[in-house]
2 protein chains.
Amino acid sequence: MSPAAARPRRRADAERSIARIVSAARATLSGNPEATIDEIAKAAGVGRMTLYGHFPSRAELVEAAVVDALRDGEATLSAVDLTGDARDALARLLDSSWTLLAESTALLAAAEGTLPAGRIRDLHAGPSARVEDLIRRGQADGTFRTDLPITWLVNVVHYVVHGAADEVHAGRMNGSEVAATLVATIHSILVAPSSGRSRQRRPSNP
Amino acid sequence: MSPAAARPRRRADAERSIARIVSAARATLSGNPEATIDEIAKAAGVGRMTLYGHFPSRAELVEAAVVDALRDGEATLSAVDLTGDARDALARLLDSSWTLLAESTALLAAAEGTLPAGRIRDLHAGPSARVEDLIRRGQADGTFRTDLPITWLVNVVHYVVHGAADEVHAGRMNGSEVAATLVATIHSILVAPSSGRSRQRRPSNP
DNA sequence: AGAAGCTCGTACTTGGATGTACGAGTTAGG
DNA sequence: CCTAACTCGTACATCCAAGTACGAGCTTCT
């Protein structure tokens with residue numbers, strides 16, 4: 001009953017194939033959720049049958065891709081220093097992992113309909129929690145707004161990150177400018193409104 | 001060459017069927033982009049063959065749904081008073097038509113892969129332009145930020161609106177609170193950052 | 001080197017969705 | 001009230017992707 005390592009014996013080349021397949025699945029599915037098994041196999045540079053040898057069904061492949069991306073995400077996220085000013089922490093977090101966040105979100109969306117809903121919720125819980133914790137901390141010290149439901153704040157971060165990834169994918173935005181844009185946008189969403197609008201209101205007409 | 005009214009003669013019951021089909025297509029496809037022709041027909045309360053009688057292919061049905069939703073959107077949008085303070089105008093716009101914006105966006109996404117990319121861009125141009133104009137106006141009078149690309153600002157509005165619709169769809173948010181949340185969120189994104197953060201910075205450590 | 005393990009092409013089955021063909025019954029409208 | 005238009009079920013032809021079966025040839029590990 002060893003928790004990981006289900007099969008103690010697996011040849012090195014098989015290990016390699018699996019790695020390439022999972023990696024290709026992540027890349028392909030996050031761009032096109034309805035990608036064919038065949039497309040993924042080609043992207044991985046292996047034959048379709050090899051793929052089926054390791055993942056008996058599409059569902060298992062999708063799950064493996066999601067788990068892998070999430071594991072990666074966890075690792076990256078936990079390497080980020082989230083202490084200090086919540087705004088700075090958020091900037092660091094987005095800067096170093098918006099691309100991973102976007103991928104995970106896309107993959108989870110791809111899993112919709114393939115994986116049972118409960119499983120998706122479970123898988124998504126980890127990364128979400130990390131973002132949520134940070135937001136809560138920012139709220140507690142007065143940095144972040146408290147006038148909107150926390151669920152909404154967490155999710156809107158995901159939506160915006162996903163949108164940014166779309167912009168890059170569609171070529172409307174250049175990869176290097178994204179991080180800064182994202183940080184600025186999400187800052188604006190989360191930071192407490194300074195004090196209402198009247199401060200700098202100007203009459204609409206003379 | 002009469003612009004509209006391609007077929008002068010069409011029976012009243014046919015007209016009724018078409019209306020029900022298009023309406024059902026809008027509702028169904030905006031919830032599930034991959035809905036079956038059969039599902040749509042059932043939702044419309046007509047037989048599948050009746051549907052095919054009016055829309056020879058899936059593509060034509062999708063197109064009709066998109067066009068109808070967009071026409072509706074245009075009508076609603078143009079009824080909104082967009083003069084005066086840009087923030088207020090934006091609030092009015094979102095308040096009266098976020099649901100339509102969300103539907104159009106979802107439908108356009110459903111059309112991805114069914115309709116040629118160019119056609120989608122053309123169809124999307126109208127509504128987008130209206131939002132873009134409003135943002136530009138706000139920028140011109142100093143209400144809205146100018147430190148981020150206008151394309152991003154326009155699109156992020158769409159992403160957030162779409163996200164809000166998702167929240168409602170998933171039951172995480174209640175239909176009546178959405179509009180206010182949306183307005184607050186999008187305000188924060190668009191309004192010019194008051195002057196940077198240093199205003200209320202606090203030292204992270206003594 | 002030799003057996004077990006892995007790769008991967010070809011070919012087949014199955015399942016779901018699109019679109020076509022036919023035709024009998026129903027409804028609108030002059 | 002009679003005809004053209006419309007509805008819609010059954011049945012059929014395709015197509016596409018998923019998954020299965022088989023087997024020949026190539027690695028890895030001991």
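To find a chain, count down the sequence lines: A is the first, B the second, and so on, and within it residues start at 1.
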Separation of atom [atom1] in [X] from atom [atom2] in [N], rounded to whole Å:
| X | N | atom1 | atom2 | result |
| --- | --- | --- | --- | --- |
| B/D13 | D/dT7 | CG | P | 5 Å |
| A/F55 | D/dG19 | CZ | P | 13 Å |
| B/L61 | C/dA17 | CG | P | 16 Å |
| B/L51 | C/dA17 | CG | P | 15 Å |
| B/Y52 | D/dA11 | OH | P | 18 Å |
| B/D38 | C/dG15 | CG | P | 18 Å |
| B/R11 | C/dA28 | CZ | C1' | 4 Å |
| A/E34 | C/dG16 | CD | P | 17 Å |

Given [options], which nucleotide is nearest the side-chain atoms of [X]?
| X | options | value |
| --- | --- | --- |
| A/R48 | C/dG19, D/dA4, D/dT20 | D/dT20 |
| B/R10 | D/dC6, C/dT7, D/dT27 | D/dC6 |
| B/T36 | D/dA21, D/dG9, C/dT18 | C/dT18 |

Answer yes or no: does a side-chain N or O of [X] lie under 4.0 Å from OP1 or OP2 of [N]?
| X | N | answer |
| --- | --- | --- |
| B/S17 | D/dT7 | yes |
| A/T50 | C/dC8 | yes |
| A/R58 | D/dA18 | yes |
| B/S57 | C/dT18 | no |
| B/H54 | D/dT7 | yes |

Rounded at 0.5 Å granularity, tell me how far OG1 in B/T143 sits from CD1 in B/I135.
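Nearest 0.5 Å value for the OG1-CD1 distance: 12.0 Å.
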Rounded distance (nearest 0.5 Å) linking atom CZ of A/R137 with atom CD of A/E132:
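Between A/R137 CZ and A/E132 CD, I get 14.0 Å after rounding to 0.5 Å.
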Answer yes when [X] and [Y] have at least one side-chain N-carboxylate O distance shorter than 4.0 Å, and no when they do not.
| X | Y | answer |
| --- | --- | --- |
| B/R71 | B/D68 | yes |
| A/D72 | A/R26 | yes |
| A/R92 | A/D88 | no |

If you find the nucleotide of DNA chain C closest to B/R16 and the one closest to A/M49, which residue's nucleotide is nearer the 5' end?
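Here A/M49 is the residue nearer the 5' end.
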